[in-house]
Amino acid sequence: MEHILSVDQFDRPLLLQILSRADQMRLTAERGGDNRLAGRILATVFYEPSTRTRLSFESAMMRLGGNVVSSEMAAETSSAAKGESIEDTVRIIESYADAIVFRHPVAGEISRAAAVSSIPIINGGDGPSEHPTQALIDLYTIQRELGRIDNLNVTLVGDLKYGRAPRSLAMLLTRAEGTALQFVSPPQLEMSPDVLEHLDAAGVAHTTEPDIERAVATADVVYVTRIQKERFPSQEALAEVEGAYQLTAAVARTMKSGSAIMHPLPRVDEIAPDVDELPQAAYFRQARNGVYVRMALLNMLMNRQVDLTA
Ligand code: NCD
């Protein structure tokens, strides 16, 4: 059975196929959607807060004529609150739905769910570990904004330690050619060694640049992330880094023309609001792309058109 658990699963041919199918789904959505998933049901079970991931999956399902059942605050309102294991939860939901999107605060928990599931499981974010569908949206957005996915300078800014979105994107970019990564973060929030090893093994160039002004000047893509305050071990550790970085309009204006500022959202204070007016500000377009990419993924999983097993 095919699941979406990690960006590792996507080799370059599959990735290119997903990008082109997302383009087709953009046209489908603009025409008002269709009914190719009529009669199918998607379950969304989220043990952590979400706006975009849950609602865009649900919107994607409905744009293709499917239906949705949802547990929005599953940690509090599902039987997990009574002590049910995620394996038992899957054994129940697989008779109610044709695929499940899970979000969970504990890394690896969604893979445990997948191990016992007879229906596709999608990782909608597992703790600080992975957010594979976000990385696919990010790559699709890079292609739409820059016209290519290869030979790009990509600057990742912010909480690179606890942020699953920049981790997954960095690992997915090993499938592009000629990527040069720059990391800008407080020293406490640097990209984890396991990701750096992954990049080294794939031959992806990466450097650390403490100065955000220098880092954005040469970038084709500046990918900003918020401090993941819910993952900090203590209030003191959080206080040390709060407000440590911000992309201001003055700095953003020094970016190359044709470059893109991205953010998985939600934004707190790490991109100043007046950056939104700049042509490079791509983050709201990026969020919209989420629906098209997720339409493509749901169709591929539920219509069994592609083998996603790596
Ligand atoms: C991200 C997440 O949940 O990891 N949000 C999202 O899915 N777009 C980023 C974040 O919460 O900072």
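Numbers here are sequence positions counted from 1. Just so it is clear, the values below take in all heavy atoms, side chains as well, and ignore hydrogens, waters and symmetry mates.
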Under the side-chain contact (heavy atoms from CB on, under 4.5 Å) test, which residues partner A202, sequence neighbours left out?
-> T174, V204
Are V275 and L156 in one and the same hydrophobic cluster, where Ile, Leu, Val, Met, Phe, Trp and Tyr link if side-chain heavy atoms are under 4.5 Å apart?
-> no
Hey, are the side chains of S117 and H3 touching, using non-hydrogen atoms and a 4.5 Å cut-off?
-> yes
Are V157 and V154 connected in a single hydrophobic cluster, I mean Ile/Leu/Val/Met/Phe/Trp/Tyr linked by side-chain heavy atoms less than 4.5 Å apart?
-> no
Non-hydrogen atoms of M302 and A99 that approach each other most closely = CE-CB, 3.3 Å
Would you mind listing every salt bridge (Lys or Arg N to Asp or Glu O under 4.0 Å) that reaches into residues 112-123, with sequence neighbours excluded?
-> E87-R112, E109-R112
Between N289 and T141, do the side chains contain an N or O donor and an N or O acceptor separated by less than 3.5 Å?
-> yes
Note, P264 side chain near Y283 side chain (heavy atom, < 4.5 Å) = no
Are side-chain N/O atoms of H263 and E270 paired as donor and acceptor at under 3.5 Å?
-> yes
Here the gap from R40 atom CZ to N299 atom CG, rounded to the nearest 0.5 Å, amounts to 9.0 Å
Can Q286 and D138 be counted as having a side-chain donor-acceptor contact under 3.5 angstrom?
-> yes
Taking it one step at a time, do T133 and N123 satisfy side chain to side chain contact (heavy atoms under 4.5 Å, CB included)?
-> CA-CA 8 Å; T133 66; N123 178 355; over 6 Å; no
In the hydrophobic clustering (ILVMFWY, side-chain contacts below 4.5 Å, transitive), which residues join I92, or is it alone?
-> Y96
Between S185 and G158, which heavy-atom pair has the shortest distance, and what is it?
-> CB-O, 2.9 Å
Which residues share a side-chain contact (heavy atoms from CB on, under 4.5 Å) with S56, sequence neighbours left out = V291, R294
Find out if a path of hydrophobic residues (ILVMFWY) with successive side-chain heavy-atom gaps under 4.5 Å connects F183 to V251.
-> no
Would you please test F46 and F102 for ring pair (Phe, Tyr, Trp, His ring centres under 6.0 Å) and show each step?
-> CA-CA 6 Å; F46 278 54; F102 274 114; 8.7 Å; no
Are I227 and Y162 close enough that some pair of their side-chain heavy atoms sits under 4.5 Å apart?
-> no
Between the main-chain N or O of R214 and the side-chain N or O of D211, is there a donor-acceptor pair closer than 3.5 Å?
-> yes
Does some side-chain heavy atom of I149 sit less than 4.5 Å from a side-chain heavy atom of L16?
-> yes
What's the spacing between L5 CG and I121 CD1 if we round to 0.5 Å?
-> 8.0 Å
Could you grab the distance from atom CE of M255 to atom CD of E213, nearest 0.5 Å is fine?
-> 13.0 Å
Under-4.0 Å salt bridge between E145 and R285 | yes
Can you name the side-chain contact (heavy atoms from CB on, under 4.5 Å) partners of D23, sequence neighbours left out?
-> R26, Y140, Q143, R144
Non-hydrogen atoms of A97 and I119 that approach each other most closely | O-CD1, 3.4 Å
Partner residues of S71 under the side chain to side chain donor-acceptor pair (under 3.5 Å) criterion, sequence neighbours left out | none
Just wondering, do R21 and V293 contact through their side chains at under 4.5 Å, heavy atoms?
-> no
How far apart are the closest heavy atoms of A249 and L278, and which atoms are they?
-> O-CD1, 4.3 Å
L37 and I41: same hydrophobic cluster, using ILVMFWY side-chain contacts below 4.5 Å?
-> no
Keeping to residues at least two apart or across chains, list the ring-ring contact (aromatic ring centres under 6.0 Å, His included) pairs with something in residues 104-139.
-> Y47-H104
To the nearest 0.5 Å, what is the distance between CG (D159) and CZ (R164)?
-> 11.5 Å
Any donor-acceptor pair under 3.5 Å linking the side chain of S79 with the backbone of K82?
-> no
Counting heavy atoms not belonging to E30, are there more than 12 under 6.0 Å from its CD?
-> yes
For the atom pair CG (L139) and CG (L172), what is the distance rounded to the nearest 0.5 Å?
-> 5.0 Å
Using modelled atom types only, decide if a donor and an acceptor are shared between the side chain of D274 and the backbone of E277 within a distance under 3.5 Å.
-> no
I'd like a table of donor-acceptor pairs (distance under 3.5 Å, sequence neighbours excluded) in which one partner is a side-chain atom from residues 192-201, with atom names and distances.
unit_1	atom_1	unit_2	atom_2	d
D194	OD1	R167	NH1	3.1
D194	OD2	R167	NH2	3.0
D200	OD1	H206	NE2	2.8

Should S118 and E94 be marked as a side-chain hydrogen bond (donor to acceptor under 3.5 Å, both in side chains) after you check the CA-CA gap, both sets of side-chain angles, and the distance that decides it?
-> CA-CA 7 Å; S118 63; E94 64 189 7; 3.0 Å; yes
Identify all side-chain donor-acceptor contacts of residues 58-69 below 3.5 Å with residues at least two apart in sequence or on another chain.
unit_1	atom_1	unit_2	atom_2	d
E58	OE2	T44	OG1	2.6
E58	OE2	R54	NH1	3.2
E58	OE2	S70	OG	2.9

Could you walk me through whether L146 and L152 pass the side chain to side chain contact (heavy atoms under 4.5 Å, CB included) check?
-> CA-CA 9 Å; L146 282 295; L152 292 171; 4.1 Å; yes
May I have the step-by-step check of side chain to side chain contact (heavy atoms under 4.5 Å, CB included) for V90 and I93, ending in yes or no?
-> CA-CA 5 Å; V90 165; I93 298 175; 6.0 Å; no
Heavy atoms of other groups near R226 CZ, more than 12 under 6.0 Å = yes
Does the side-chain hydrogen bond (donor to acceptor under 3.5 Å, both in side chains) test come out yes or no for Q182 and N153, once each step is laid out?
-> CA-CA 8 Å; Q182 275 195 105; N153 291 332; over 6 Å; no
Tell me, please, which residues at least two apart from E84 pass side chain to side chain donor-acceptor pair (under 3.5 Å).
-> T89
Honestly curious: do L19 and I4 fall in one hydrophobic cluster under the side-chain, below-4.5 Å linking rule?
-> yes
Would D150 and R148 pass as an ion pair if we require N to O under 4.0 Å?
-> no
Would you give the length of the straight line joining atom CZ of R36 to atom CG of L298, rounded to the nearest 0.5 angstrom?
-> 11.5 Å
Side-chain contact, heavy-atom cut-off 4.5 Å: L42 with D98?
-> no
Could you check V222, I137, I142, V224 and say which one makes a side-chain contact (heavy atoms from CB on, under 4.5 Å) with M262?
-> I142
Can you pull the side-chain hydrogen bond (donor to acceptor under 3.5 Å, both in side chains) pairs that have at least one residue in residues 241-262, sequence neighbours excluded?
-> D220-K256
Looking just at side-chain N and O atoms, do S168 and E130 make a donor-acceptor pair shorter than 3.5 Å?
-> yes
Heavy-atom closest pair, residues A287 and L265 | CB-CD1, 4.3 Å
Please identify each residue that fulfils side-chain contact (heavy atoms from CB on, under 4.5 Å) with K229, with sequence neighbours left out.
-> L238
